[in-house]
Structures are given as C-alpha cells and as structure tokens.
Amino acid sequence: MGRSSKDKRDIYYRLAKEEGWRARSAFKLLQLDEEFNLFKGVSRAVDLCAAPGSWSQVLSRKLRGKESSEDVKIVAVDLQAMAPLPGVTQIQGDITKISTAQEIIRHFEGQSADLVVCDGAPDVTGLHDVDEYIQAQLLLAIFRGKDVTLLYSQLKIFFTSVTCAKPRSSRNSSIEAFVVCQNYSPPEGYVPNMSNPLLDHSYDVDFNQLEGPNRIIVPFLACGDLSAFDSDRTYPLQLDSNKEYQYLPPTQPPIRPPYQQACHLRKNNLLATEDSPSVLLDDSLSAMKLDTNKENDRTSRNS
Ligand SMILES: C[S@@+](CC[C@H](N)C(=O)[O-])C[C@H]1O[C@@H](n2cnc3c(N)ncnc32)[C@H](O)[C@@H]1O
C-alpha cells in the first residue's frame, strides 16, 4: 500500500496535513464550534487529554486570534509529552489525579475556566475531576456504550443544557460522539471533589434499565454542514482539477508515542514467538533509547 492510500481513505487526515493540524481531530472541534459557538466569550480554556495537540492548536488559533489575546490562557494536559504550541501551557500529568487539577487551577490564578474540552473517553476521565475548574462549558468525547445514561444523568445535575453531538468528521462507523454541556450551574452547596465512584466500580445499578422520568434522554445532533466531507467515504487524490495532488508528511509526529516500543520490537524481530521467549522489557527499552539517540544524532548532523 502506497503512502498516499491513507490520504484517499481518510479525507480529514489528508486535510489536517494540508491545513497544518497535528491530527484530524481538529475538524471535530471546529465543526462542533460551528454548531455550538463554543469559543464565544472564552478567554480561559483547558484541553484535557490533549496530545498530540490538534485541539490545543484550534484553541490557540481561535482564542489568540482575537485582538485582546493577552488575557487568553490555555492549559493543555496529557500523560504524553507534546511539542510546544504558541500561547499554550502544557502539563504532563494524569487528569484523574488531584495534583494535576491543582496545577491547572494554579495556572488560572484562582479564576475558573470558561471552557473545558476533553478528548479522552469518560471511563478514563471520571466526571467529578473536571468540576474542580469549570465555570461555563464542557465538551467531552464519549463512546455511546454502556454507562452512557449514567453519564448524561450526572452531567444534567451540573449543566442546564446537555446535548450529544456527532460532527461530520467523526466516522459514522464509530460509536464516538461528543457531549456539549453549557451553562454550568451545580446544585446549591455543591463542593467540587475528586471522589470517583465510576472508577471504583462501586455502582451496581444498571442505569440503562431506567425508564420514564428516571431516564435522561439528551438531544442528539448530527452537526457539520452537509456539504462538508464525509469521513466514511473514500475520495480521489485529485480533489481539485486546478491543484495537483502532492503527498505531505504529518504536521507534527508524536514525540514519544506509546506504540514506539512495539514498533521497535517488531522492526528488530524481537516480538515474542512460541519458541522464543520475549526479551526483557528493560533490555528492549534501553535498545530503543540507543536507537532514538542515534536517530537524533543523525538528524542534528543533517540539519
Ligand atoms: C484521542 S487522543 C487526543 C487527541 C487530541 N485531542 C488532539 O486533537 O490532538 C487521547 C489522549 O488522551 C490521553 N490520555 C488518556 N488518559 C489520560 C489521562 N488519564 N490523563 C491525561 N491524558 C490522558 C492520551 O495520552 C492521548 O494522548
């Protein structure tokens, strides 16, 4: 398969490279903004689960593009390291940890965020964690599967408006969707805390069985202009007869992706097989570091 075949199969992957976005996910946030006007009046934003950083890029371009951009604060958090972006403060940490929440709050100097976006599934985020620093709007990536009813019910306690949305750039074949929560209004006397019963697996009620007024049905909105590209379709490489197709490399490859070790093992034929035991993890990690150092030396000599 040639390197351009992914450009054909995934139009948003290709457009992301052409427009300089680090990942195709940028279009999801842009299309959600077209529908919900997410960035209106926002000067403090948090991007949770941010790497490789295409949503932070969108926030940086949209919020800092305005005239009074000195007031704009954007904090991006991820377990993975991320290449720097203009006007974005990065925290490498686990968003489910109170220490990470405290670090984010410190960056806002006591003020709450106007917008929190999170592109990690809620099973990993937990909900109470984000209450700590939200003031107005929350955008959460979700998988519409088990526990989604519980998630909606919890969100409805904190926001007057909760909508489930599916942008055109999110494949129909995927159960991924986004919950847009607006008008943060927690119950009176509510004190944000980090207790997380979802992660403790202590719920034994099947919330999907709830009926009648006990079940929250949130509006579902397919969003994005119908003339926008369809993420489930394959497009020809020559999209525009006046512009010749040219292959472009990704805008910003990940710094140290979690799959790097697997690729190293495979490239060096070190994957475990039935008759050959797997290499020790430590040995393989040191070899990988050596490989990366050699690669970096080569790159700095050539530049
Ligand atoms: C789908 S990617 C996010 C893509 C990003 N929105 C973009 O536009 O480039 C999900 C990210 O969630 C991060 N992640 C998962 N669990 C996390 C956690 N507990 N704390 C921080 N980051 C987490 C992963 O490291 C991964 O980079």
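Counting starts at 1 for both ligands and their atoms, following the listed order.
- For ligand 1, the atoms lying closer than 4.0 Å to a non-hydrogen atom of A51 are 2 (S), 3 (C), 4 (C), 5 (C), 9 (O), 27 (O).
- Remark: ligand 1 atoms within the under-4.0 Å shell around heavy atoms of A50 are 5 (C), 7 (C), 9 (O).
- For the residues I95, V117, L59, L79, the heavy atom positioned nearest atom 22 (N) of ligand 1 is part of L79.
- Distance check, rounded to the nearest 0.5 Å: CZ of R61 to OG of S56 gives 12.0 Å.
- With distances taken over non-hydrogen atoms, the option nearest atom 7 (C) of ligand 1 out of A81, S54, G93, A76 is S54.
- Considering backbone and side-chain atoms together, D119 places an N or O closer than 3.5 Å to an N or O of ligand 1.
- In the hydrophobic cluster analysis, where Ile, Leu, Val, Met, Phe, Trp and Tyr join through side-chain heavy atoms closer than 4.5 angstrom, L79 is grouped apart from I255.
- Ligand 1 lies nowhere less than 4.0 angstrom from a heavy atom belonging to G120.
- Selection from V58, T100, D78, I91 by nearest heavy atom to atom 27 (O) of ligand 1 gives D78.
- A salt bridge is absent between R171 and D232: the closest approach of a Lys/Arg side-chain nitrogen to an acidic carboxylate oxygen does not fall below 4.0 angstrom.
- For ligand 1, the polar-atom distance check against A23 finds no nitrogen or oxygen pair separated by under 3.5 Å.
- Each of the atoms 18 (C), 19 (N), 20 (N) of ligand 1 lies under 4.0 Å from some heavy atom of D94.
- The pair R44-D71 does not count as a salt bridge, with every side-chain nitrogen at least 4.0 angstrom from each carboxylate oxygen.
- Geometrically, R233 does not engage F229 in a cation-pi contact, judged by NZ or CZ lying under 6.0 Å from the ring centre and within 45° of the ring axis.
- Ligand 1 lies within reach of Q80, whose nearest heavy atom is under 4.0 Å from it.
- With a 6.0 Å cutoff to the six-membered ring centre and a 45° limit on the axis angle, K6 counts as a cation-pi contact of Y13.
- Test T89, V88, L85, L115 against I74 for side-chain contact (heavy atoms from CB on, under 4.5 Å) and you get one pass: V88.
- Taking 4.0 Å as the cut-off between side-chain N and carboxylate O, E176 and K166 do not count as a salt-bridged pair.
- Which parts of ligand 1 touch G53 is read off a 4.0 Å heavy-atom cut-off, strictly below it: atoms 7 (C), 9 (O).
- With a 6.0 Å cutoff to the six-membered ring centre and a 45° limit on the axis angle, R22 does not count as a cation-pi contact of W55.
- An N or O contact shorter than 3.5 Å is missing between A26 and ligand 1 by distance.
- Considering backbone and side-chain N/O atoms, D47 never comes within less than 3.5 Å of an N/O atom of ligand 1.
- Considering backbone and side-chain N/O atoms, V77 never comes within less than 3.5 Å of an N/O atom of ligand 1.
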